[in-house]
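Convention: sequence-line order gives letters A, B, ...; per-chain numbering from 1.
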Amino acid sequence: MPELPEVETVARDLARLVGGATICTGRILRTANLSTPDPETFTRAIAGRRIEGVRRRAKWVLVDLEGGLILMVHLRMTGQLVVLPATSTPDPYVRAELQLSDQRVIRFRDVRAFGRLALVARREDGSPSRSLDPSGEAALGDHGPEPLEATFTASRFASDLKGRRGRLKSLLLDQRFIAGLGNIYVDEALWRARLHPLATAAALRAAEAERLHHAIVSLLREAVAARGSSIDDYTGPDGDGEMQERLAVYQRGGAPCMRCGTTIRRVTLGGRGTHYCPRCQPLPRGRRAAGSVGDLKKSSTLRRGPRWSESLEEGSLGATATERAAARRRAVRSGGAR
DNA sequence: AGCGTTACCCGCACGC
DNA sequence: TGCGTGCGGGTAACGC
């Protein structure tokens with residue numbers, strides 16, 4: 001699943017591979033994957049444009065085109081951008097194609113077709129507009145800070161956390177709170193910081209917020225350096241990443257914790273598979289913003305009883321089908337490498 | 001308003 | 001063998 005490190009890898013690979021190339025023609029093979037504009041306008045607008053560069057914002061690949069346009073690509077689950085000779089045969093999962101003037105082609109391939117393309121104007125500040133109108137609203141204006149930028153400081157992060165009452169897992173997945181994290185790196189960051197996925201954001205101590213900040217930044221830096229994690233259907237345009245070998249909890253339900261040996265637990269939170277070490281990442285019960293009995297009675301969440309408690313107590317601790325499949329793939333890979 | 005939850009989109013692999 | 005289901009990113013819609 002492409003998250004920040006994988007998208008960063010794709011953007012860097014593409015910048016090197018097709019930076020400076022010129023698009024002759026573009027065509028959309030599955031119109032549902034194109035958010036905006038309509039396919040005819042897209043085809044007309046993209047033809048003949050030189051690719052000035054490729055960058056990343058949140059989980060979006062931004063292809064800067066001459067004449068103030070940006071081709072936005074979101075890979076979602078299974079999207080890939082591949083650069084091939086124009087003579088190569090496309091498979092049924094190619095959703096869009098850009099013919100280059102140098103006899104190559106950029107293919108957007110997406111098995112599950114969740115990915116999205118958009119051709120928009122570049123605003124004055126370089127950010128993508130929501131439409132071909134450069135004075136339009138910013139497309140990604142509601143996104144949170146980029147965790148690898150200098151402006152994402154520990155103190156800013158700590159004060160952002162203070163203002164939120166939600167749980168860490170759902171908050172870190174929220175692109176408006178912090179950009180670029182997804183299910184894999186949220187679970188990994190929480191394990192590194194030794195924080196429970198259900199810990200209340202606002203209740204974190206200063207040292208815990210700092211630990212989480214450091215975990216996020218160091219994890220993402222490491223993952224970018226390793227070219228991301230090649231998991232399931234995802235692989236970079238220029239080859240596999242290595243980060244999947246270094247994931248501590250993701251898809252390791254039922255396996256021993258790399259720090260303490262306790263069995264990694266897998267639960268479902270907010271519809272997401274969540275992996276954590278019950279010993280290294282204890283849930284701080286009783287440490288809430290307000291502790292009096294009166295306050296507890298007023299809390300509707302507590303009255304109803306939080307749904308996650310059942311899933312946590314009940315278990316479902318074993319490996320899922322996906323995890324068993326992943327374990328098999330890892331075994332095959334390491335066996336083959338030897 | 002903020003938070004949690006669910007449905008949606010889709011194809012595949014798993015498992016009954 | 002065949003069919004139902006879970007998986008998951010982001011968004012939207014919903015209820016509280």
Is A/Phe114 stacked on the base of B/dC10, meaning ring centres closer than 5.5 Å and planes within 30 degrees of each other? no

Would you mind telling me which of C/dT11, C/dG9, B/dG2 lies closest to the side-chain atoms of A/Met77? C/dG9

Should A/Leu148 and A/Glu8 be marked as a side chain to side chain contact (heavy atoms under 4.5 Å, CB included) after you check the CA-CA gap, both sets of side-chain angles, and the distance that decides it? CA-CA 11 Å; A/Leu148 292 184; A/Glu8 181 69 31; over 6 Å; no

Is a donor-acceptor pair below 3.5 Å formed from side chain A/Arg164 to base B/dG2, judging by atom type as modelled? no

Side-chain donor/acceptor of A/Arg272 to base of C/dG10, under 3.5 Å: yes

Phosphate OP1/OP2 of C/dG9: any A/His74 side-chain N/O under 4.0 Å: no

Within the structure shown, what part of the strands sits under 4.0 Å from A/Arg176 by heavy-atom distance: base, sugar-phosphate, or nothing? nothing

When we call it a touch if two heavy atoms are under 4.0 Å apart, what does A/Gly182 touch: a base, just sugar-phosphate, or nothing? nothing

From C-beta outward on A/Arg266, which listed nucleotide comes closest to its side chain: B/dG2, C/dC7, B/dC12? C/dC7

Within the structure, does a side-chain N or O atom of A/Arg76 lie under 4.0 Å from either OP1 or OP2 of C/dC7? no

Start with the C-alpha gap between A/Phe152 and A/His213, add the side-chain angles, then the distance that decides, and say whether ring-ring contact (aromatic ring centres under 6.0 Å, His included) holds. CA-CA 9 Å; A/Phe152 181 67; A/His213 176 269; 4.8 Å; yes

Can you tell me the pairing partner of C/dG15 across any strand shown, Watson-Crick or G-U wobble, with both distances under 3.5 angstrom? B/dC3

